[in-house]
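In what follows, a structure is listed as structure tokens, so that the remarks can point back to it.
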Amino acid sequence: MNAAASSFIPSRGRGLPYRHPSLGLQESPKPSPPKNDLDTRTQEPLTSPAPEKTTLTLSLSDALVHFEAGARISKVSLASDLSAVHISELPQDSTSEDSILALLRSYGLDTSKVIQVRVISGGKALPQAFIKAEDPEFAKSVGVKLGPQISSHGGNGNGTGTHPVATPINTPVVSDSSALRVDCKKVHCSWHKPFKTAWLNFGNGEIATRVSKKFKDKTYTIMGQSPICSDPSRGFGRHNPTAWTVCLTEVPAEATEATINNSIRYQGDRPRNTEVGKPSYDTKVDTCSTMVQSLFTGVGPLEWWEFTPDTSGKRLRAQGRFQNEDDAREAAQTLNNSALPFNPRAKLTVQLVHSAKFKVSTLIYEAVQHQIKANIKKWKESHLHFVAYENSTPPKWYLVLKIEGEVAANVAEAKNTIADIIAGKVAKDGSTVLWHPSLRGNGFLHEKLRQLQQQTGVLIIRNKTKSQLRLYGAPDKCEGVQTTIAEILKDQKAETWNVDLDEKSFKWACHGGFKKIADELGSNKVSFDIISIPKRIVVTGTAIDHDTALSIMNSKEVLSSKQADSIGQECSVCWSEAENPIRTKCDHVYCLDCFENLCISATTQGSEVCIRCAGDSGTCNAVLGLPELQEHLSSAAFDELLEQSFISYIRLHPDSLRYCPSADCDSVYRVSTVAKMHNCPRCLSLVCTQCHAQHGLMSCADYQDVSTGGYAAFEKLKREIGIKDCPKCKTPLEKTWGCNHMACPCGAHICWVCLSTFKVGIECYAHMNREHGGMVQLG
């Protein structure tokens with residue numbers, strides 16, 4: 001369950017929320033004063049707003065899935081569709097994408113399918129490049145072209161006598177976003193401040209030893225910092241007045257001889273002589289930051305860079321965020337322990353930062369923040385940083401939770417802990433999910449659970465789509481609330497009746513018919529479902545209630561022409577006052593819960609997912625862009641929408657993509673018209689991409705021969721009990737009643753008599769009337 005579902009919190013009189021930035025695209029929240037000692041909300045570093053992304057690429061089931069407006073899938077790419085090559089020993093002037101592509105074309109290579117070029121240049125080494133193309137044979141072609149033609153190109157004119165060397169490499173499927181916004185685009189870096197070396201000369205070994213000990217135990221510090229102190233050493237000369245020397249290194253560069261002497265507060269410990277060396281470098285700190293930043297921009301473009309001078313420590317620190325994760329990884333690998341440009345004898349430290357973000361309802365966060373607070377001490381010990389902040393101005397229904405650190409395993413563990421906490425608990429009685437149909441409305445049961453929530457402090461959220469309640473709060477309190485809910489629901493008797501609406505009835509319902517039924521039965525007994533196909537009025541109550549609703553419908557009394565959702569605060573889906581209202585760009589209002597239901601239900605229809613606005617009684621149909629969907633959904637709901645869109649896409653395209661047939665493996669492969677063995681990257685099983693069987697090195701025909709006995713018996717059984725396979729996806733289907741028009745989950749409309757397939761049902765009906773004399777076979 002996620003934060004977009006409705007809760008039992010009473011209305012607080014808040015108006016419609018203003019539009020706020022898309023998660024992950026802009027992080028400039030305003031600071032919020034803490035409500036209490038548990039509130040960890042704070043402010044993220046201010047950054048320049050990034051343009052909204054209208055498309056999104058996500059890695060799912062070993063595929064790279066490209067999403068566009070409406071959560072519609074525009075393309076699915078597999079590793080087997082791509083190839084990549086690393087080219088080294090490039091000419092010195094090959095420093096841009098255009099120059100690399102021009103070089104490839106000079107060898108007669110087609111670069112029209114190249115989708116990525118990364119050039120690495122700088123220093124004394126020759127440039128090199130990584131190239132990826134949407135052509136499985138591209139890397140092989142590059143190797144062939146560069147190989148035989150090397151000598152004839154004479155080094156390509158680079159004057160070095162070297163020739164480009166091509167090496168095919170693996171093509172991992174990497175997305176620009178992940179389900180929980182886990183990324184590694186940020187880096188931390190640090191370097192030593194400029195420092196001096198000082199020598200303290202004493203005439204007495206006992207004093208020198210005492211001063212050395214006091215510097216080591218930090219009794220003495222210089223400008224608030226503890227230098228590294230050596231043991232005393234004795235020089236030559238029996239009567240040398242400064243025979244004993246204590247060496248101090250990493251002394252602040254601003255320290256003078258007087259500063260050092262004054263730091264030795266006890267007069268009897270003062271040295272007879274103090275010598276101070278030159279600073280390790282004299283570049284200004286702001287200039288240092290700029291020079292370090294240029295090292296990172298040389299690897300790839302940055303979203304932002306932040307330098308925070310620290311007067312207390314010995315190191316200067318900065319952090320930056322790359323636009324591309326690959327650049328961040330490369331920077332951490334190549335720049336860590338590299339020489340500083342302003343101090344070649346010192347090293348730069350660079351660490352990759354792993355982070356995970358969750359967009360969660362403010363109500364859920366307030367209910368579970370004690371559980372999160374219990375983990376913060378452990379996270380700090382693991383050098384993890386947790387923050388919760390608003391990502392809109394003014395703040396509205398959501399908070400963003402972020403955990404980050406430099407050790408991937410620690411971040412992963414903390415991420416899983418947060419995910420478990422904000423997921424809540426499904427209310428059950430034993431193994432039975434606690435739910436009642438009347439909870440879809442705001443009637444008696446809704447009020448009872450609202451009161452229970454106020455009494456216990458446990459947040460109760462309804463998920464109408466999944467017909468379940470989720471509980472948020474202390475585990476022991478959730479157990480008690482779960483028992484109480486079971487008792488409340490035990491004596492509730494009601495049935496659910498679906499009244500399907502044709503086009504004429506739907507228009508009647510929109511123009512006041514639904515309101516008349518609701519007024520007659522009570523708003524707690526009736527709801528308007530304009531998302532389902534067909535649209536319907538849902539009655540929760542007795543058979544008499546159902547008959548009353550039908551009687552009102554059959555009267556077809558002409559009512560007001562005013563449409564319900566034109567009233568400012570009424571939800572475009574449930575046609576009641578919007579709870580936690582949101583407003584779309586096309587100016588239609590939804591309950592936060594109803595908006596989520598609208599999105600998720602689109603993935604259950606028999607067509608490709610494309611989320612459209614249901615405003616104006618379902619006639620608006622404006623496609624909702626990804627930034628708008630991301631804005632109004634929690635991170636869990638948004639991720640579920642994308643994942644379900646992909647599952648629906650695979651189901652509707654069995655002739656191009658299939659899931660691996662191995663149990664518990666959800667990797668996908670591309671279907672081919674010729675027999676080809678696919679080695680599943682997840683379970684390592686061999687799958688035939690033509691017949692979809694796991695017959696190893698055996699041919700499809702041989703496998704069919706070997707398995708004929710069992711196969712023939714199975715086919716005979718299917719014929720005897722009336723089961724037929726869908727001609728499109730081969731799913732077994734059984735017709736138990738009704739006409740000979742069958743609709744398969746893959747989207748095919750099938751004539752049961754001759755198994756002809758059609759794209760839409762009306763074509764199937766026309767075919768049955770024309771070819772078979774009707775839609776039902778008699779006798």
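- The main-chain N or O of Ala63 is never found under 3.5 Å from a side-chain atom of Ser61 such that the two would form a donor-acceptor pair.
- A distance of 12.0 Å separates NZ in Lys735 from NE2 in His741, rounded to the nearest 0.5 Å.
- The backbone N or O of Lys428 lies less than 3.5 Å from a partner atom in the side chain of Gln482, making a donor-acceptor pair.
- With 3.5 Å as the limit, one finds a donor-acceptor pair spanning the side chains of His653 and Glu608.
- Under a 3.5 Å cut-off, the side chain of Gln453 and the backbone N or O of Ile460 do form a donor-acceptor pair.
- Taking CG from Leu624 and CG from Leu598, the interatomic distance works out to 7.0 Å, rounded to the nearest 0.5 Å.
- Remark: the backbone N or O of Val458 is paired with a side-chain donor or acceptor of Thr456 at under 3.5 angstrom.
- Every salt bridge (charged side-chain N to carboxylate O under 4.0 Å, His left out) that Lys425 has, sequence neighbours left out, goes to Glu479.
- Residues passing the salt bridge (charged side-chain N to carboxylate O under 4.0 Å, His left out) test with Asp420: none are found, sequence neighbours excluded.
- Distance check: Arg651 CZ to Tyr659 OH gives 9.5 Å after rounding to the nearest 0.5 Å.
- Listed here is the closest heavy atom pair of Ala414 and Leu384: CB-CD1, 3.8 Å.
- The backbone N or O of Ala614 lies less than 3.5 Å from a partner atom in the side chain of Tyr590, making a donor-acceptor pair.
- Using a cutoff of 4.0 Å between basic side-chain nitrogens and carboxylate oxygens, Asp666 and Arg682 are scored as salt-bridged.
- Partner of Ile650 under the side-chain contact (heavy atoms from CB on, under 4.5 Å) criterion, chosen from Leu657, Ile73, Val76: Leu657.
- Of the options Ile582, Leu633, Asn597, a side-chain contact (heavy atoms from CB on, under 4.5 Å) to Leu592 is made by Ile582 and by none of the others.
- Listed by chain and residue number, Glu413 satisfy the salt bridge (charged side-chain N to carboxylate O under 4.0 Å, His left out) test with Lys378 (two or more places apart in sequence, or in another chain).
- Under a 3.5 Å cut-off, the side chain of Lys448 and the backbone N or O of Ile488 do not form any donor-acceptor pair.
- Counting only N and O atoms by type, the side chains of Ser662 and Gln694 include a donor and acceptor under 3.5 Å apart.
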| task | Begin from the C-alpha positions of Cys726 and Ile750 and carry the test side chain to side chain contact (heavy atoms under 4.5 Å, CB included) through to its verdict. | result | CA-CA 8 Å; Cys726 169; Ile750 307 163; 3.9 Å; yes
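- Summarising the local packing, CG of Asp476 is surrounded by more than 12 heavy atoms from other residues, nucleotides or ligands at distances under 6.0 Å.
- Listed by chain and number, the residues in a side-chain contact (heavy atoms from CB on, under 4.5 Å) with Arg658 are Pro654, Tyr669, Val671, His692 (sequence neighbours excluded).
- Rounding to the nearest 0.5 angstrom, the gap separating the OH atom in Tyr398 from the NZ atom in Lys359 is 5.5 Å.
- Taking all atoms of both residues into account, the shortest heavy-atom contact from Thr603 to Ser645 is CG2-N, 3.9 Å.
- Applying the side-chain contact (heavy atoms from CB on, under 4.5 Å) criterion to Ala693, with sequence neighbours excluded, gives Cys691, His695, Tyr703.
- For Arg670, the salt bridge (charged side-chain N to carboxylate O under 4.0 Å, His left out) partners at least two apart in sequence or on another chain are Asp81.
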